[in-house]
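Both ligands and their constituent atoms are indexed starting at 1 by order of listing.
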Amino acid sequence: MDKQQAQDQINALKEVLNQYGYEYYVLDNPSVPDSEYDEKLRELRDLEAEFPEFLSDDSPTQRIGGAPLDAFKKVQHNIPMMSLGNAFNEEDLRDFVRRATKSTDQPVSFVCELKIDGLAVSLTYENGKFVRGATRGDGTTGEDITSNLRTIRSIPLVIKENETLEVRGEAYMPHQSFLSLNENRLANEEEPFANPRNAAAGSLRQLDPKIAAKRNLDVFLYGVGEWNANEITTHSGRLEKLKELGFKTNSEWKKCSSIEEILEFIEYWTTERPNLSYEIDGIVIKVDSLEQQENLGFTAKSPRWAIAYKFPAEEAMT
Ligand SMILES: NC(=O)c1cnc(N)c2cc(Br)sc12
């Protein structure tokens, strides 16, 4: 095989393996058996070894980086990653809806989403390629955990358009991964993690990406930071665009146009919550119109256009 043929074959394998990975890890709907994925990955590894000049970091063979880091670099969030104000009961929710509604003479619609109990992360893409991932930190300064986030298979190394944008979401550990991790830790006489959130945070704080890679972490993306001009005018439109770009979003969101619909959504998920394969600790309610969000603005530490309804703390198991 000459160089041109090798380069073409490597590019074709990268494209088809990134598509297979998208179907398996983002859509949870693989179109080929694992054996076909593994065989093509082996073929790509061999070709990249024979022609290292064509090896690039957006290759599916490059998910688990090299040597462990000495420390995490600091990252500045140009747009702060805010925390949410909390609502604990129906009255708090009615107050939130009242405040949002009286801020405009236009009708206000809301988006309700599941509040994932994980670790907030920011992912930056330049011309469609994943270039940096960071923790929220204190909202302004986070830690560069790119090498660990690259090991999360549902985070695309290349998205479907060559957009330059920052997306935000929650990295989390699914229940099943949490149970097996703690089983292994107990078997090795190590301290088990108290809950999936601590396990996810502990995994992403590992300096060696080989350890993070073994923790079966996942991610849901639900927001954006810096995104050059685009025509989207609602939060629900953003969720749909993120999905189109190839990001893993949580499909359980719902547009609500009244407090009654919000309360109904909360009631439904209060019952359904135990059937989810991941931990949620509440419901996030946001004003859908981006223009209305802008008019509402922020308090010192959280947006006025969003609130987190927190589920009552579960009774300690006696
Ligand atoms: N869908 C969402 O907006 C969402 C889901 N899960 C979370 N833990 C958080 C946290 C913030 Br801040 S927003 C958000």
(request) Would you confirm whether Asn148, through its side chain, and Ala212, through its main-chain N or O, come within 3.5 Å as a donor-acceptor pair? (result) no
Taking a 3.5 Å cut-off between nitrogen or oxygen atoms, can you list every pair linking ligand 1 to the protein, with distances?
| residue | atom | partner | partner atom | Å |
| --- | --- | --- | --- | --- |
| ligand 1 | 1 (N) | Glu113 | OE1 | 2.9 |
| ligand 1 | 3 (O) | Lys286 | NZ | 2.7 |
| ligand 1 | 6 (N) | Ile116 | N | 2.9 |
| ligand 1 | 8 (N) | Ile116 | O | 2.8 |
| ligand 1 | 8 (N) | Glu170 | OE1 | 3.2 |
| ligand 1 | 8 (N) | Glu170 | OE2 | 3.4 |

(message) With a 6.0 Å cut-off on the ring centroids, do Tyr125 and Phe247 count as close?
(response) yes
(request) Could you please spell out the steps behind the side chain to side chain contact (heavy atoms under 4.5 Å, CB included) verdict for His235 and Trp305? (result) CA-CA 11 Å; His235 174 67; Trp305 43 265; over 6 Å; no
(message) Ring centroids only, cut at 6.0 angstrom: are Tyr172 and Phe220 within range, meaning strictly under it?
(response) yes
(message) Are Arg273 and Ile280 packed together at the side-chain level, in the sense that at least one heavy-atom pair is separated by less than 4.5 angstrom?
(response) yes
(message) I'd like to know if Glu113 and Lys286 make a salt bridge, using a cut-off of under 4.0 Å between side-chain N and carboxylate O.
(response) yes
